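Following: one structure in structure tokens, then a few remarks.
Atoms considered below: every heavy atom in the structure, side chains included; atoms not considered: hydrogens, waters and symmetry mates. Treat the numbers as computed from the prediction; the structure is a model and nothing was measured.
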Amino acid sequence: MEKKPNEIQIELSPEVAKGIYSNFAMIAHGPNEFFIDFITMAPNMPGAKVQSRIVMTPENAKNLLGALMQNVKDYENTFGEIRHKRPINQNPNGNQGPNGGEIPNPFIMGGKA
């Protein structure tokens, strides 16, 4: 196969190809970089472990945001709207919970889904 100019050969090792599961992420930034910590949380466990940390420039973070938004749009066009599976939090008496009935977004501190 002929290599085209500016073509990047990407290698994916078996160790990386298996992936790492994450159901929570924390994002922070400084003036020159963004930090994304991917975390796995389990029910009834008091702690959670950072599985992987990605550090990138602000420009690359914005490029990632755009690519992720486009991929979610493409996914929903193919498979339908992504809906949150968790029910709205309610008190036993049927009233909405302390978060106003909104589902917390596990990828945004204090965010709503």
Side-chain angles (χ1 to χ4, degrees):
M1 183 165 106
E2 183 180 324
K3 184 177 177 185
K4 298 175 185 174
N6 300 324
E7 185 177 290
I8 299 172
Q9 296 293 321
I10 298 174
E11 180 180 328
L12 182 62
S13 70
E15 295 81 23
V16 174
K18 68 180 179 179
I20 296 173
Y21 179 77
S22 173
N23 57 5
F24 187 80
M26 294 183 69
I27 302 171
H29 64 274
N32 299 310
E33 58 271 318
F34 275 73
F35 300 86
I36 308 171
D37 290 337
F38 292 94
I39 301 162
T40 302
M41 296 179 65
N44 303 317
M45 296 296 290
K49 181 180 176 185
V50 173
Q51 301 295 321
S52 182
R53 171 175 275 187
I54 304 298
V55 182
M56 60 179 53
T57 66
E59 181 182 10
N60 284 342
K62 191 168 186 176
N63 289 340
L64 175 63
L65 173 64
L68 187 55
M69 287 173 58
Q70 183 61 51
N71 274 268
V72 168
K73 181 180 175 183
D74 293 346
Y75 177 95
E76 289 184 328
N77 286 338
T78 302
F79 301 106
E81 181 182 353
I82 299 169
R83 296 180 179 261
H84 294 282
K85 293 177 177 65
R86 292 187 288 176
I88 294 174
N89 293 336
Q90 292 187 340
N91 292 328
N93 62 8
N95 295 332
Q96 292 182 344
N99 64 359
E102 294 188 51
I103 301 169
N105 184 332
F107 295 100
I108 302 174
M109 294 301 288
K112 303 288 187 253

Sole residue of Asn60, Thr57, Val55 in side-chain contact (heavy atoms from CB on, under 4.5 Å) with Glu33 = Val55
task = Locate the shortest heavy-atom distance separating Pro58 from Pro31; write the atom from each residue and the value.
result = CG-O, 4.2 Å
key: Over all atoms of both residues, closest heavy-atom pair of Ile39 and Ala48   = CG2-CB, 3.5 Å
ask   = Is Asn23 reaching over with its side chain to a backbone N or O of Met41, donor-acceptor style, under 3.5 angstrom?
value = yes
key: Donor-acceptor pair, side chain of Gln51 and main chain of Tyr21, under 3.5 angstrom   = no
ask   = How far does NZ of Lys49 sit from OG of Ser22, to the nearest 0.5 angstrom?
value = 13.0 Å
task = Any chance you could lay out the side-chain hydrogen bond (donor to acceptor under 3.5 Å, both in side chains) test for Gln70 and Asp74, step after step, and finish with the verdict?
result = CA-CA 6 Å; Gln70 183 61 51; Asp74 293 346; 2.8 Å; yes
query = Given Glu11 and Gln9, is the side-chain hydrogen bond (donor to acceptor under 3.5 Å, both in side chains) satisfied, shown in steps?
reply = CA-CA 7 Å; Glu11 180 180 328; Gln9 296 293 321; over 6 Å; no
task = Start with the C-alpha gap between Ile10 and Leu12, add the side-chain angles, then the distance that decides, and say whether side chain to side chain contact (heavy atoms under 4.5 Å, CB included) holds.
result = CA-CA 7 Å; Ile10 298 174; Leu12 182 62; 5.6 Å; no
task = Show your reasoning for whether side chain to side chain contact (heavy atoms under 4.5 Å, CB included) applies to Leu64 and Ile54.
result = CA-CA 12 Å; Leu64 175 63; Ile54 304 298; over 6 Å; no
Within one Ile-Leu-Val-Met-Phe-Trp-Tyr cluster: Met56 and Ile27, side-chain cutoff 4.5 Å = yes
message = Would a single hydrophobic cluster contain both Met45 and Phe24, if residues Ile, Leu, Val, Met, Phe, Trp and Tyr are joined by side-chain heavy-atom contacts under 4.5 Å?
response = no
request  = Please lay out, stage by stage, how Phe38 and Ile20 fare under the test side chain to side chain contact (heavy atoms under 4.5 Å, CB included).
outcome  = CA-CA 9 Å; Phe38 292 94; Ile20 296 173; over 6 Å; no
